[in-house]
Amino acid sequence: MIVRTRVAPSPTGDPHVGTAYVALVNYCFAKQHGGRFLLRIEDTDRTRSTAASEAVILEALHWLGLAWDEGPDIGGPHGPYRQSERLEIYARYARELLENGAAFRCFCTPERLDAMRAEQIRNKRPPAYDGRCLPLTQEEIAANEAAGIPPVVRLRVPREGSVTIDDLLRGPIHFDWNNVDMQVLVKSDGWPTYHLANVVDDHLMEITHVMRGEEWLSSAPKHWLLYRAFGWQMPQIAHLPLLRNADKSKLSKRKNPTGILFYRRMGYLPEALANFLGLFSVPPLDGEEMMDLAAMVERFDLKHISLGGPVFDVKKLDWLNGRYLREKLDVKAFVERVRVWAGGEDVIDRIAALAQQRIERLSDLGPLCAFLFAGRVEITADQLRAGKLDDESLRKAFVLALAIFDALPEWEFDAIAAGVARIAEIVGAKVRDVVRPFYVAVTGSPQSLPLYDSMVLLGRDLVRERLRVALERLGGATGAETERWKKLLEADAAA
RNA sequence: GGCGCCAUAGUCUAUCGGUUAGGACGCGGCCCUUUCAAGGCUGAGAGACGGGUUCGACUCCCGUUGGCGCUACCA
């Protein structure tokens, strides 16, 4: 039997270092066993998935050197590798589940479900589907459908008994069925949810080993039920620990840069990042922690993955990256890396065009443009506060900026400008007053190259990080504040 | 709250019942050196707690505590 593994990211945002970690593990495992590693795009969330995100994910994983043998861009014998292109397949299997009784149609409205959960929580019961549509007769189902009520398909879960999942890393794990919810498998628009699509695809793509994030552990019983209902053998399964922030919470972009491309833009080498991530699953040989992909493939061992969620320690990454920079590159190769990192001639031209109008001596160039070649920028709260906005408006502006910029489909001048205008409107200030603190946050100075151009050149990842740091300088925003201000955004969007 | 996972220094880890608990990042000191890095040497620093099992527990079992995840027509 040939080993086949996969990484299955969802194109709903920036490629996450956690995805890189999971991909690396799957890659090493497959390659070590002479198997195949595939990439599958799980874009069954129609509202959040974007083609742009998918493209960036592919780019990021390529950059890291994790080449897949089958995938949406290169095809393969088990395609298509994009779930949105496999809808007929899921529909067919959903029908099969309906026919053999492993699943049922549910006509409950979202309002009814919300009320049900609220009631359960009020009564201190765990929220779960109550089985209302379970006993529906053929006639009732037909009547509902005739009435035009779109059904969802739910997984039928036994109300008693239990199941044991064998995790490669954790051993047998016990679940009582009465703690497993009757998940939706097919949404009312006919699209599958993760659970159905994932199981169907892993089987059809002949995946032998599923190594995924720990967040999926409690879904494993549902998947077990599906494999059984189809009469398929369940792949071997392992749940990898989640990467953490310094405070041990799940790595999140509120507290850290989490995008793979942020690290590229910051000037980390892909081999260093991959090496760093590999340290969580590959034991160093004779104390030497530096190793390339080939060495990691050779020495990889599931048994060496420690289950405590590792903190993403940027300091150690810095050290490793420094070693790659000075030990693995001769001056020529180093310069070439710098060239690629800086963006090449084209970028230099664009920067020069902006700077030319603003200098009196060529030697002014360095100080004026330095922020474009820096990672973070030194700023103080006082510099941020120098304008007309009060503290709350200031923090609000940064929270809104973070949210708006994250949501932009394309990172380009007009979209950024429109975003800033929106912020000014919501905060109730003039654009010029809102823009000033952004200058400080992004360029490190109140007068600099034009803001929007600078932001385009800097890239979304670096801008986000600088805004995040600025917000932090101002004392940050509480969860409640963030939520409240984002609501303003929704209200504004609705208006 | 319910269910599940996890638990060696600040951080990443080694140890698979018997070790002075090893290494790395970070931190301190010393050396090298025109400065700073880099490099070399070196120092401080760990088995969450309580019960068992055992001749002997970091290692096995139970409990406590703590952290994390899930608890959606998101993945």
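The sequence lines fix the lettering, A, B, ..., with proteins before strands; numbering per chain opens at 1.
Using a 4.0 Å heavy-atom cutoff across all strands shown, A:R326 reaches sugar-phosphate atoms only and no base atom. Using a 4.0 Å heavy-atom cutoff across all strands shown, A:T47 reaches no nucleic acid atom at all. Nucleic acid contact for A:H174: sugar-phosphate only, since backbone atoms but no base atoms lie under 4.0 Å from a heavy atom of the residue. Residue-level contact check: A:P310 touches the backbone only, with heavy atoms under 4.0 Å from sugar-phosphate atoms and none from bases. When heavy atoms are screened at a 4.0 angstrom cut-off, A:P283 is found touching no nucleic acid atom at all. At a threshold of 4.0 angstrom between heavy atoms, the contacts of A:S249 are confined to the sugar-phosphate backbone, with no base atom among them. As judged by a 4.0 angstrom heavy-atom cut-off over every strand, A:F276 is placed among residues making no nucleic acid contact. Within the nucleic acid shown, A:E42 comes within 4.0 Å of sugar-phosphate atoms alone, with no base atom in reach, counting heavy atoms only. Across all strands shown, A:V152 has heavy atoms under 4.0 Å from base atoms, whether or not it also approaches the sugar-phosphate. A:W216 comes within 4.0 angstrom of a base, heavy atoms only.
B:C12 atom C1' lies 14 Å from atom CG of A:D318, rounded to whole Å. Straight-line distance from the NZ atom of A:K124 to the C1' atom of B:G2: 12 Å, rounded to whole Å. Computed from coordinates, the A:R170 CZ to B:G4 P distance equals 14 Å when rounded to whole Å. Summarising the geometry, the separation between NE2 on A:H239 and P on B:G4 is reported as 15 Å, rounded to the nearest angstrom.
Side-chain contact, A:N123 with A:E119: a donor N or O sits under 3.5 Å from an acceptor N or O. Between the side chains of A:T164 and A:D166, no donor N or O sits under 3.5 Å from an acceptor N or O. Judged by distance alone, the side chains of A:Q83 and A:D201 do bring a donor and an acceptor atom under 3.5 Å apart. A donor-acceptor contact closer than 3.5 angstrom is absent between the side chains of A:H304 and A:R299.
Between the base of B:C73 and the side chain of A:S188 there is a donor-acceptor pair shorter than 3.5 Å. Applying the 3.5 Å distance criterion, the base of B:C74 shares a donor-acceptor pair with the side chain of A:R48.
The side chain of A:K187 contributes an N or O atom lying less than 4.0 Å from OP1 or OP2 of B:C74. Neither OP1 nor OP2 of B:C3 sits under 4.0 Å from any side-chain N or O of A:R125. OP1 or OP2 of B:C6 has not a single side-chain nitrogen or oxygen of A:K248 nearer than 4.0 Å. For B:C3, the OP1/OP2 oxygens have no side-chain nitrogen or oxygen of A:S218 closer than 4.0 Å. Between B:A72 and A:T193, no contact under 4.0 Å exists linking OP1 or OP2 to a side-chain N or O.
When Watson-Crick and G-U wobble pairs are counted only if both distances are under 3.5 Å, B:U19 pairs with no nucleotide at all. Summarising the base pairing, B:C25 is matched to B:G10 through a Watson-Crick or G-U wobble pair whose two defining distances lie under 3.5 Å. Pairing partner, B:A57: none, since no Watson-Crick or wobble contact has both distances short of 3.5 Å. When both pairing distances are held under 3.5 Å, B:C49 makes a Watson-Crick or G-U pair with B:G63. Under the Watson-Crick and G-U wobble criteria, each requiring two contacts below 3.5 Å, nucleotide B:C30 is paired to B:G40. Taking a pair to require two hydrogen-bonding distances under 3.5 Å in either a Watson-Crick or a G-U wobble arrangement, B:U35 remains unpaired. In this structure, B:G69 forms a base pair with B:C3, meeting either the Watson-Crick or the G-U wobble geometry with both donor-acceptor distances under 3.5 Å.
With respect to the salt-bridge test (charged N to carboxylate O, under 4.0 angstrom), the residues A:R6 and A:E70 do not qualify.
Nucleotides B:C12 and B:C70 have their C1' atoms positioned 26 Å apart, rounded to a whole Å. Using atom C1' as the reference point in both B:A24 and B:A46, the two lie 15 Å apart (nearest Å). Distance noted for atom P between B:C58 and B:G47: 10 Å (whole Å). The separation of B:U59 from B:G18, taken at their C1' atoms, amounts to 11 Å, rounded to a whole angstrom. The separation of B:G29 from B:C36, taken at their P atoms, amounts to 13 Å, rounded to a whole angstrom. Atom name C1', nucleotides B:C41 and B:U64: the rounded distance is 45 Å, in whole Å. B:A38 and B:U20 have their C1' atoms separated by 33 Å, given to the nearest Å.
Counting only residues at least two apart or in different chains, side chain to side chain donor-acceptor pair (under 3.5 Å) contacts with residues 8-21 of chain A comprise A:D14-A:R464.
Note: A:F29 and A:H33 have tilted aromatic rings, judged against thresholds of 30 and 60 degrees for the angle between ring planes.
In this structure, the nucleotide among B:G1, B:C74, B:C25 sitting nearest to the side chain of A:P127 is B:G1. Side-chain proximity of A:F175 to the nucleotides B:G4, B:C6, B:C25 is greatest for B:G4. Nearest nucleotide to the A:D45 side chain, out of B:C70, B:G67, B:A75: B:A75.
Ring pair A:Y93/A:W232: centre-to-centre distance below 6.0 Å.
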